Q: 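Please find one structure pasted underneath; my questions will follow.
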Amino acid sequence: MANNIRGFNSKFGTIMAATGGAVGLGNIWRFPYTAGSNGGGAFLIIYFLFVLFLGLPVMLSEETIGRRAQKNVLGAFKVLAPKHKIWMAPGLISIVTAIVIYSFYSVVAGWTLNYIIASASGLLSGKSPDEITEFFNTFTSNSIFPLIYQFIFLLLTIFIINRGVKDGIEKCTKILMPILLLLLIVMCIRSLTLEGAYKGVEFLFKPDFSKLDGNSILDALGQAMFSLSIGMGALITYGSYMLKQDNLFTTSLWIAGADTLVAILAGVAIFPAVFAFGLEPTSGPSLVYIVLPNVFNSMSGGTVFAVAFFILLSIAALTSTISLLEVPVLWANESFSWGRRKASLIFSALVFVLGIFCSLSFGCLSNFTICGKTVFDLFDFITANLLMPIGAIFFTLLIGWHLPKADVYDELSNSGAIKPKLFNIFYFIIRYIAPLALLVVLISGLL
Ligand code: PHE
């Protein structure tokens, strides 16, 4: 094949790599609780609508930008909008966003490695709920150990990135993603077959519209964007690796569908088990790192399931950190001819330095706040509420208003080889609805 020198080898590899980027801690750690506490089924309905009518079109726009330009995030805008300097902005913002997300994301990814080791060595078994909470607090507030695990996680990511796009990213995600799905299905079966599991299923799926308010809608949209990895150029980067003969509509449907499925399966794996043992579903890190270890302790064969679960979580995180690091690496590679090794080392070093502040946010820097937020929370807030919506607005404006419609159609129809049936709906959303909706989100998120 003449046109795959630059990027991925196959459509399957493309979908695995991009789905790997999308499926991450956001799906397994953040989605279940956000859905559960925002009215379960009611939140799910809004979430689906956002994925379908906003997430998918923005995803498709990013892929179109990347594949059309055949360049990194910044280079793509230079190719597609060469006349005006303002179009450098989304490229630069994307690179910054990737680095900032990676800094706090790798902290939590590192915790996961520690939990694999702790569960495998029996450190968590037989502990009382208080002791498990104590374990979590002592570990995360320590100044050294979390950094070591974060460092290991950065090294793993560098190792794969260094092997290249086909032999590193594509090969490794093609192996890891099926393992992830298999582990998740095993966890779901285990959870659903526990006595009293139905209460968790109810918590997740039964629509309770009374719990919905303006914030839930913002939560749903923020979650959808973070989970699909849109608005920060990862999909422009991967889009530039997509094959010219692939149908970008179906590729995007696969990615968004698989990402949503994994999020729901994670909820099914977690809540029935939590309720079956009479525990309370709590928020954020504690659901996965405190509530679940208690669940595993009460379950027969709990150690095996605990290890399997934290391996699953690490895989999800790793395929995402790969997509995060690839954004600046490809940019430096194409802009300054840095080799992949040099680029990945330099950006990882930068991420590690920023990551120290994020990690210490749970310990000695927990009282150091900017605008009332610790560094970890600030990085999370700035990326999700500010940088990603801004990035996404630029992407939609480029596709909807800057590029000629004929060019967009040409890219999505593979130069006329296929007929993208939904093109007009897509174009309408990207031109009018998406930028406005994103603007509303941006403003309300800031207020
Ligand atoms: N989508 C990933 C998750 O759900 C997070 C992520 C965001 C990864 C942006 C890459 C880019 O965990």
Side-chain angles (χ1 to χ4, degrees), residues 16-35 47 50-51 55-56 58-59 62-63 66 73 90 93-112 153-154 157 160-161 169 173 176-177 180 184 219-239 252 255-267 284-285 287-288 312-331 347 351 358 379-392 395:
M16 287 301 110
T19 306
V23 169
L25 296 168
N27 302 60
I28 300 170
W29 164 56
R30 197 157 170 268
F31 176 84
Y33 172 74
T34 318
Y47 183 82
F50 277 138
V51 168
L56 257 174
V58 174
M59 178 181 276
E62 288 196 35
E63 291 166 4
V73 270
I93 291 173
S94 293
I95 293 162
V96 171
T97 312
I99 291 171
V100 175
I101 294 181
Y102 194 13
S103 324
F104 71 84
Y105 200 84
S106 53
V107 173
V108 185
W111 295 351
T112 312
F153 214 93
L154 296 179
T157 310
I160 294 161
I161 289 284
I169 303 177
T173 48
L176 292 178
M177 291 313 287
L180 180 143
L184 191 55
D219 275 357
L221 185 63
Q223 176 65 24
M225 287 191 68
F226 187 78
S227 190
L228 296 172
S229 302
I230 52 180
M232 46 71 64
L235 284 158
I236 293 181
T237 307
Y238 278 9
S252 311
I255 303 167
D259 184 69
T260 308
L261 180 73
V262 169
I264 291 172
L265 288 180
L287 176 62
V288 160
L312 162 91
L313 200 56
S314 304
I315 293 178
L318 181 62
T319 51
S320 293
T321 53
I322 293 170
S323 74
L324 285 165
L325 183 57
E326 184 65 14
V327 172
V329 164
L330 182 68
W331 165 63
F347 289 115
V351 165
C358 297
F379 280 15
D380 185 3
F381 179 83
I382 290 180
T383 48
N385 295 309
L386 200 64
L387 298 178
M388 291 170 94
I390 293 179
F395 303 158

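Because the structure is a prediction, the values reported are computed rather than measured. In each ligand, atom 1 is the first atom listed, and ligand 1 is the first ligand listed.
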Q: Has ligand 1 got any nitrogen or oxygen that is less than 3.5 angstrom from a nitrogen or oxygen of Val23?
A: no
Q: Looking only at distances, can you tell me whether any N or O atom of Phe226, backbone or side chain, sits closer than 3.5 Å to an N or O atom of ligand 1?
A: yes
Q: What atoms of ligand 1 come closer than 4.0 angstrom to any heavy atom of Ser323?
A: 10 (C)
Q: Just which atoms of ligand 1 are under 4.0 Å from any heavy atom in Leu25?
A: 12 (O)
Q: Where is the nearest protein heavy atom to atom 8 (C) of ligand 1: which residue, which atom, and how far?
A: Ser229 OG, 3.4 Å
Q: Between Ser320 and ligand 1, is there a nitrogen or oxygen pair with a distance under 3.5 Å?
A: no
Q: Mark up the atoms of ligand 1 that fall under 4.0 Å of a heavy atom belonging to Leu324, in ascending order.
A: 10 (C), 11 (C)
Q: Could you establish whether Tyr105 and ligand 1 come within less than 4.0 Å of each other, counting only heavy atoms on the residue side?
A: yes
Q: Grab the two heavy atoms, one from Cys358 and one from Val107, that are nearest each other, plus how far apart they are.
A: CB-CG2, 3.7 Å
Q: Does at least one non-hydrogen atom of Gly21 fall below 4.0 angstrom from an atom of ligand 1?
A: yes
Q: Between Met232 and ligand 1, which part of the residue brings a heavy atom under 4.0 Å of the ligand: side chain, backbone, both or neither?
A: side chain
Q: Closer than 3.5 angstrom, by distance alone: can the side chain of Thr319 be matched with the main-chain N or O of Ala316 as a donor-acceptor pair?
A: yes
Q: Would you mind listing which atoms of ligand 1 come within a distance below 4.0 Å of any non-hydrogen atom of Asn27?
A: 4 (O)
Q: Heavy atom under 4.0 Å from ligand 1: found in Ala22's side chain, backbone, both, or neither?
A: backbone
Q: Checking Asn27 side chain against Gly24 main chain: does a donor-acceptor pair fall under 3.5 Å?
A: yes
